[in-house]
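To start, the structure under review is shown below, and the notes come after it.
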Protein chains: 2
Amino acid sequence: MKADPDTNETSGLGRRRGNAREESSATYQRRRREIAEAAVRVFDRLGLQGASISAVAAELGINRASIYYYISSKEELFDEVLRAVAERNRIMAAEIAASDLPPPDKLRKLIVEIMVSYGEHYPLLYIYIRENLSQVSDRRTGWSKDMRDINRTIENAFIHIIEQGYADGSLRDIGPPKVIAFGMLGVVGWTHRWFRPATAEHSAREIGETYAEMMISGMRAN
Amino acid sequence: MKADPDTNETSGLGRRRGNAREESSATYQRRRREIAEAAVRVFDRLGLQGASISAVAAELGINRASIYYYISSKEELFDEVLRAVAERNRIMAAEIAASDLPPPDKLRKLIVEIMVSYGEHYPLLYIYIRENLSQVSDRRTGWSKDMRDINRTIENAFIHIIEQGYADGSLRDIGPPKVIAFGMLGVVGWTHRWFRPATAEHSAREIGETYAEMMISGMRAN
DNA sequence: GTAAACATCAACGAATATGTTGATTTTTGT
DNA sequence: ACAAAAATCAACATATTCGTTGATGTTTAC
C-alpha cells in the first residue's frame, strides 16, 4: 500500500505514489500533457503569480489533488510548461549570432525570428516574458536563475552584433550597444501586450519585418 | 467611542475611526505619505500582485493594522500612489499631440519626454507599466479601467501622429500605424527592465534621444 | 495635570493557498 | 469475472492573505 520504503524520495514525497514503473505509461503522459496545456491557459489569463493550482484544476474540471498526482509542485508545473521552448529560443539566437551574415542582416533575422517564435509558440513565450518582467521570482531560485540566463544569452547576442556592426562600419553608431540592444528586444517583447495571432491582421513575420525595417534602416551605414 | 452613527460610511467602514476633523492634520498627512512611500518601494520589489499589506507594514516596522488606519484597502493604496503621476503623463502626451510640430518631431518629442518622465518619477511609472502588463487586474475594476484609459490615450496619440505623417508625406510608410506605435511605446516601456536612474551611465533623456534617433531616422522621408 | 483626540497594536474571522493522505472509483490485464 | 494497478477525490493540516475591532499607549490642548 504505502510507497516502497526503498524508493529514493529525496524531496517532494507526494506525487505518483504507486509508480515504480517507467513514467511513460500511455495515459499518464497524455494526462500530464493535458494538465500542462490547461496550466498554460490559466497562466496566460492570470499570470504565474496569480495562477493557483485550484484554478488549473478548475480549468479541467477536476479535483485539485489530482494534479499533484502528476506534478509535485507549482514550480515543477512552471518548468514543465516553459523551459523547453524558452531554451529553444536561446539556441536560435546563438545560431544567428554565430552565422556569417553582415551585422545588419543578423539583427534583422534575429528580430524576425524572435517574433515568429512568439507567434508559433503563443502564448508560451509571452507568459515567460511577463513573468520575467516582474522581478518577483527571486524566490524560486533554481528556475528563475535559468530563465534569467536564457535572457542574458539573447541580450548578449544583440549587443555583440551591434558592437560588431559599429566596428566594421556596417552600422552607424547612434548610441551605446546595450541601449540599442534593449531597445530592439523591447519592441518585440512588447508585442505580448497586443499581439494575438488568432485575430491579428498581420502575421508575426510581417510584424517582425516591419520592426526590423523601423529600427535597422536608420542605422544602416550604406 | 464608536464612530458617529451619522457619518456617511458608504462602504469601507474601517479606517480613520475618530476622524470628523478635516483630514489635513499635520502628522496625519505626513504619516500617510510615509506609508505611500514605503508602499512604492515594496511594489517596486514585489509587483502589485505580490505585494501584501503585511510587506508594506514590515517595510515600516509597524503593525499591519496601523496601515488600515490611513488607507481603507489595498486598492486605495495603489490609487494613492499611482494615479496622479500616470494622469500627468497622459496630459503630456495629449499636449504634444496637439502641438503644431511636424509629425517626425512630435514623435521624437513624445519618445524623449516619456523617457524623461520615467526617470523623473522613478520607479512609479515603471510599477504602473509592469502592473498593466499582466492582465490580472481585471478584477479591481474601477482602478484598472482608468489606468487602461490613460494607456489608450497615449497609444492613440502615437497612432494619430504616425497617420498624420503618412498622410503629409513626412514619414515613410513602413507598416501599419498601430504596429509602429506599439513598437515605439515598447522601446521606452521596456526600459523598466534595465534602466535604474541612480546607477545608469546615461540619463533618461539621452536614452530617449537614442531611441528616437533609432526609430525615426529610418522613417524620415527626406 | 487631565481629558480628549490621535495613533498603534494584538487578536479575530473569513478566504484562499499549498501540499498530503486514506479511501474510493475506474481502468486494465488475464 | 476478478484482482491488481491507475486515477480521482474528499478531507486534513498548515500557512498567508485581507479587513475589522476593542483595547492600549501617546500627544495635544486647555
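Residue numbering restarts at 1 for every chain, and letters A, B, ... go by the order of the sequence lines.
A close approach under 4.0 Å does not occur between any side-chain nitrogen or oxygen of B:Lys74 and OP1 or OP2 of D:dG19. For the pair B:Thr27 and C:dA7, the criterion of a side-chain N or O lying under 4.0 Å from OP1 or OP2 is met. Phosphate proximity of C:dC6 to B:Arg31: absent, as no side-chain N or O sits under 4.0 Å from OP1 or OP2. Between A:Tyr69 and D:dA7, a side-chain N or O to OP1/OP2 separation shorter than 4.0 Å is present. When the side-chain nitrogen and oxygen atoms of B:Tyr68 are compared with OP1 and OP2 of D:dT20, none of them lie within a distance under 4.0 Å.
Per the geometry, CD belonging to A:Glu76 stands 11 Å off P belonging to C:dT20, to the nearest Å. Rounded to a whole Å, the CD1 atom of A:Ile35 is 10 Å from the P atom of D:dA7. Separating the CG atom of A:Leu46 from the C1' atom of C:dT16 is a distance of 14 Å, rounded to the nearest angstrom. Here C:dA7 presents its P atom at 15 Å from CD1 of B:Ile67, a figure rounded to the nearest Å. At whole-Å resolution of the value, CZ in A:Arg30 and P in D:dA7 are 10 Å apart.
For the side chain to side chain donor-acceptor pair (under 3.5 Å) test, residues two or more places apart in sequence or in another chain that qualify with A:Asp149 are A:Lys145, A:Arg152. Scanning for salt bridge (charged side-chain N to carboxylate O under 4.0 Å, His left out) contacts around B:Arg90 gives B:Glu87, with sequence neighbours left out. Among residues two or more places apart in sequence or in another chain, the salt bridge (charged side-chain N to carboxylate O under 4.0 Å, His left out) test is passed with A:Glu213 by A:Arg108, B:Arg172. In this structure, A:Asn156 has no side chain to side chain donor-acceptor pair (under 3.5 Å) partners at least two apart in sequence or on a different chain.
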Name every donor-acceptor pair, under 3.5 Å, that has one atom in a side chain of residues 111-118 of chain B and the other anywhere in the protein, sequence neighbours excluded.
from: B:Ser117; atom 1: OG; to: B:Asn89; atom 2: OD1; distance (Å): 2.6
from: B:Ser117; atom 1: OG; to: B:His121; atom 2: ND1; distance (Å): 3.4

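Comparing D:dT20, D:dT8, C:dT21 against the side chain of A:Ala65 picks out C:dT21 as the nearest.
Contacts between residues 51-64 of chain B and DNA chain D, counted as heavy-atom distances below 4.0 Å, involve B:Ser52, B:Ile53, B:Ser54, B:Arg64.
With salt bridges taken as basic N to acidic carboxylate O contacts below 4.0 Å, none links A:Glu201 and B:Lys178.
Judged by distance alone, the side chains of A:Tyr69 and A:Asn63 never bring a donor and an acceptor atom under 3.5 Å apart.
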